[in-house]
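All values below were derived from every heavy atom in this structure, side-chain atoms included, with hydrogens, water molecules and symmetry-related copies excluded.
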Amino acid sequence: MSILPICIYPEPVLRQKTEPVQNIDDGIQRLIDDMIETMYDAPGIGLAANQVGRSLSILVIDIQREESEYGLIVLMNPGLVDARGKVTFEEGCLSVPEYFAKVTRYEEVVVRGLDRQGERIEIAAGGLLAIALQHEMDHLEGKLFIDRIGPIARDIFKRKWKKKLKDGEESQPCLD
């Protein structure tokens, strides 16, 4: 297993809609293992494949809460089946380090996809897990949490981020 470099905004791969996983081979299994190791090392609670430069519909999540009925989740080709309620929560992102903002999302979701063996699974989630699932699924669609904040907050973010990039911070290379 390897720790992979995490792509930092505005890397183009973060804005691309990912491709569905067609064949779960040894390369996909290795990528999943590397994504898990990278997520834990960061440390984070979720990671999408395009955050490590691979435009594939794969996410890993571990909200690391004892009360959660789910431990480590590996999900390929996920889709939202049902959603209800609204909740606002302060989010951050490994691809947008040191920036946090309040984002409104569904409070409860049902998501379907494939596990790492290619078996269909369905996850019904609320709370932090529901938020993490939506956040990572957004990544797979080429969206970031900064796309879900208000226009004034987004404008302030963009100005601060441009200055940060101009000053040479966060210029980690990312290969696709």
May I ask you to decide if [Y]'s main-chain N or O and [X]'s side chain share a donor-acceptor pair within less than 3.5 Å?
X: E119; Y: D115; result: no
X: D25; Y: I28; result: yes
X: N77; Y: V21; result: yes

Under-4.0 Å salt bridge between [X] and [Y]:
X: K164; Y: E98; result: yes
X: K163; Y: D167; result: yes
X: D147; Y: R15; result: yes
X: E91; Y: R105; result: yes
X: E90; Y: K102; result: no

Do [X] and [Y] make a side-chain contact, defined as non-hydrogen atoms from C-beta onward lying under 4.5 Å apart?
X: L114; Y: L75; answer: no
X: Q51; Y: L14; answer: yes
X: I61; Y: E136; answer: yes
X: L4; Y: L31; answer: yes
X: Q29; Y: R116; answer: yes
X: F89; Y: T104; answer: no
X: Y40; Y: M35; answer: no
X: I45; Y: H135; answer: no

Determine, for Y99 and K160, whether the Lys NZ or Arg CZ falls below 6.0 Å from the six-membered ring centre while staying within 45 degrees of the axis.
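No, K160 does not lie over the aromatic ring of Y99.
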
Report the C-alpha distance between I73 and I123 in whole Å, list the side-chain angles of each, state the deciding distance to 0.1 Å, and finish with yes or no for side-chain contact (heavy atoms from CB on, under 4.5 Å).
CA-CA 10 Å; I73 295 169; I123 299 170; 3.7 Å; yes

Centroid-centroid under 6.0 Å between F157 and F100 rings
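Between F157 and F100, the centre distance exceeds or equals 6.0 Å.
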
Spatial distance of atom [atom1] ([X]) from atom [atom2] ([Y]) [nearest 0.5 Å]:
X: L47; Y: S95; atom1: CG; atom2: OG; answer: 7.5 Å
X: L94; Y: T38; atom1: CG; atom2: OG1; answer: 10.0 Å
X: E19; Y: L140; atom1: CD; atom2: CG; answer: 11.5 Å
X: D41; Y: D34; atom1: CG; atom2: CG; answer: 11.5 Å
X: H139; Y: Q16; atom1: NE2; atom2: CD; answer: 14.0 Å

Check for me, please, whether Y106 and V87 land in the same ILVMFWY cluster - side-chain distances under 4.5 Å, paths through other members count.
yes

Check the side chains of S55 and T18 for a donor-acceptor pair under 3.5 angstrom, ignoring hydrogens and angles.
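No, no side-chain donor-acceptor pair sits under 3.5 Å.
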
Hey, is CG on D26 packed in by over 12 heavy atoms from elsewhere, all under 6.0 Å?
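It does not: D26 CG has 12 such atoms or fewer within range.
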
Around atom CZ of R154, are there more than 12 heavy atoms from other residues, nucleotides or ligands closer than 6.0 Å?
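Atom CZ in R154 is packed in, count exceeds 12.
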
Derivation and outcome, side-chain contact (heavy atoms from CB on, under 4.5 Å), residues D138 and F145:
CA-CA 8 Å; D138 270 0; F145 81 106; over 6 Å; no

